[in-house]
Protein chains: 2
Amino acid sequence: MSAITIKMLARELNLAISTVSRALMDSYEISAETKEKVHALARQLNYQPNHYASSLRRQRSKTIAVIIPEISNNFFSHVINGIEAIAQEKNYHVLIYFTHENQQKEAEVIQHLLSGRVDGILMSMAGNTSNIQHLHPIREQGIPIVFFDRICADLDAPTVTTDDFDSSLLATHHLMEVGCKKIAYLSISPHLSIDCKRMQGFQQAIATKNGNVASLLLPCSTDPQRNQELITNMLATEKPDGIFASVEKLAITSYHACASLGLAIPADVKILSFSNLETASLLNPALTTIIQPAHDMGKSAATVLFNMLEKRKTRNWERNTVIRSSMIIRRSTQIAR
Amino acid sequence: MSAITIKMLARELNLAISTVSRALMDSYEISAETKEKVHALARQLNYQPNHYASSLRRQRSKTIAVIIPEISNNFFSHVINGIEAIAQEKNYHVLIYFTHENQQKEAEVIQHLLSGRVDGILMSMAGNTSNIQHLHPIREQGIPIVFFDRICADLDAPTVTTDDFDSSLLATHHLMEVGCKKIAYLSISPHLSIDCKRMQGFQQAIATKNGNVASLLLPCSTDPQRNQELITNMLATEKPDGIFASVEKLAITSYHACASLGLAIPADVKILSFSNLETASLLNPALTTIIQPAHDMGKSAATVLFNMLEKRKTRNWERNTVIRSSMIIRRSTQIAR
DNA sequence: CTGTTAGCGCTTTCAT
DNA sequence: ATGAAAGCGCTAACAG
């Protein structure tokens, strides 16, 4: 009924608890035959070491935490997939926490993890997180942390991001090439590093076209309802022929807004978006999407973290490791081949 | 630097460790002023209880495991979201494991969880899992488990599923209503409960149309490359005018297969699929999708599990709780309104 | 090579 | 109302 312990094995075999323990961890100072006996019984009784006991004793848990704003966004599900793949390889376990874009929640989760519950943290910041007070204890306790995608610029920690500026630049050029004369940039949150960089790339692209192409900026919210109104209104009054959505969600809302106004895509308005919904882009050649290598980002972030965990003693973890996955821009024309 | 413990608080306040412990857990036998002092210091020093120590001592971890085949599938990301929402509410933590549709991996994960690492398990079975030997230890140890979506028919445990049969019936009727005369059902794996029920619903619908509508069955694999060949070949030789894909992936492959043959969708071939890619269906009105209430399923499954955890003593957990979330069928015509 | 012992940090009897 | 002490299951020093 109840789980079987090392003690039971010891009693059964007339050995000391420590001997059994050592045999199980394949210590060099145990005779081959004793090891064999122990392993045999362990297998037979289906022994499984108590993770909490061993985590308490050694001061590491072979567990990492992943903190993300949400998962409804397809991007993060791919990231998690990548993370878990690496974790599995390294025999680590993954605790998952959603902040739902809520700073309060983010702080609570972090607070909890301060107890030594995890060996390391992988984190993508909540949208509205502008102050980072709640992150300091992590640094003080020296818990390794790696930021991905939505990084924390004010903290000297490793980050893994995609090259948002460059991708935006390219993508905006693409919009201009296909004839857009007035492009609206839909911003999701100025506090988000990704939004900033994407906007910068956008603006840079516009600027180099000196005057030929007009641009406008529409700050959106996290409320879909409200966004729909904002975008519809903008479409009606400003009549742009191109939309650059900073995030996928806004592209979809734009899609609906266009539909409600009877605007054809891409004939009347071209919509461009960062996205990880490969499927969506595959199924609808009308959209131009910038596919982010989400799975790879998860793997990269996890790899960086595990490197930190392994080189814990060298104490060089404050060094800033920045990995910029390059991005794949997939255009509608390519897909419709 | 290192995390602060109950012992430190005790020494600082000149109290016994046990007193501090009791104060923190708000025991009735501690004076109000002592409690206040303890709490104050705890707050000040940012004390966080060591989860491993307390999990070891009490025999519960306030942690559950979610075992799913994959997450690239959008369906499961919504499910996880639902699960995490409930877990957060109940102050539980969530460990996540992917089996990658691999029975071997599934067994390993289960094996690990036998150590009392989690209080309960939420699980969706791997596709190729036909034998269930690896699940027995769970039952023997009495670890509460709830299956969702891909349930285990041979095990008497609570399950949460959507009504696949009924949805398939309705969906197939829809295909027939819009004029399909020869419909191909693409099966993903006969070992999967969902595939079976969906096929049954499909066949039932065909059967009631006595002879008017032809049907065929195409068993597919988990290899996209191979599926693409299979489907393209089938389209060329059998020339169906309707496709019922058991899972989203097969719908997308079908989409590509049609494209490669120059077949128009939905003019030449109508594609229907279970899916949770709401976005895909919104973006491409050519597809008919049956949207599954994934988020709700996650919440339901988690709720059932927590009920079991709370009523642990009553030992009535072998009772079979079946929740059939009803499904929402969203048709292309509705979307293109 | 194996056994004895001392904790990891916390909860929980049992005393007082 | 508080303290002393035992112990959850495991690891790791220290003996021998």
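Keep in mind that what you see is a predicted model, and the values were worked out from it rather than measured. Chain letters run A, B, ... following the sequence lines, proteins first and then strands; every chain starts at 1.
Each of A/Glu108, A/Gln103, A/Gln111 was scored for a side-chain contact (heavy atoms from CB on, under 4.5 Å) with A/His134, with one residue passing: A/Gln103.
Here the P atom of nucleotide D/dA1 and the CE atom of B/Met25 are 17 Å apart, to the nearest Å. For A/Ile4 and D/dC10, the CD1 to C1' distance is 14 Å, given to the nearest whole Å. Between the CG atom of A/Asn14 and the P atom of C/dG3 there is a distance of 9 Å, given to the nearest Å. Protein atom CZ of A/Arg11 is 12 Å distant from nucleotide atom P of D/dC10, rounded to whole Å. Spacing between atom CD of A/Glu29 and atom C1' of C/dG3 amounts to 12 Å, rounded to whole angstrom units. Remark: P of D/dA1 and CG of B/Leu13 are 18 Å apart, rounded to the nearest angstrom. As rounded to whole Å, 15 Å separates atom P of C/dG9 from atom CG of B/Leu24. Atom CD1 of A/Ile6 is separated from atom P of D/dC8 by 13 Å (rounded to the nearest Å).
Qualifying salt bridge (charged side-chain N to carboxylate O under 4.0 Å, His left out) partners for B/Lys35, counting only residues two or more places apart in sequence or in other chains: B/Asp26.
The nearest heavy atom of DNA chain C to A/Arg22 and to B/Thr5 marks one nucleotide each, and the one closer to the 5' end goes with A/Arg22. In this structure, B/Ile30 and A/Ile17 both approach DNA chain D, and ranking their closest nucleotides by distance from the 5' end singles out B/Ile30.
Counting heavy atoms from C-beta on, the side chains of A/Ile67 and A/Thr99 come closer than 4.5 Å. Here the side chains of A/Val146 and A/Phe306 are not in contact, with every heavy-atom distance at 4.5 Å or above. Two residues are said to be in side-chain contact when any heavy atoms from C-beta on lie closer than 4.5 Å; B/Ile151 and B/Met125 fail this criterion. Annotation: side chain of A/Lys299 is not in contact with side chain of A/Ile83 (no heavy-atom distance under 4.5 Å).
The side chain of B/Ser18 lies closest to D/dA4 when the candidates are D/dC8, D/dA4, C/dT4.
Within residues 43-65 of chain A, the residues having any heavy atom closer than 4.0 Å to DNA chain D are, in order of number, A/Tyr47, A/Pro49, A/Asn50, A/Ala53, A/Ser54, A/Arg57, A/Arg58.
Between A/Arg22 and A/Ser18, the side chains place a donor N or O and an acceptor N or O closer than 3.5 Å (distance only, hydrogens not considered).
Residue B/Ser31 places at least one side-chain N or O closer than 4.0 Å to OP1 or OP2 of D/dT2.
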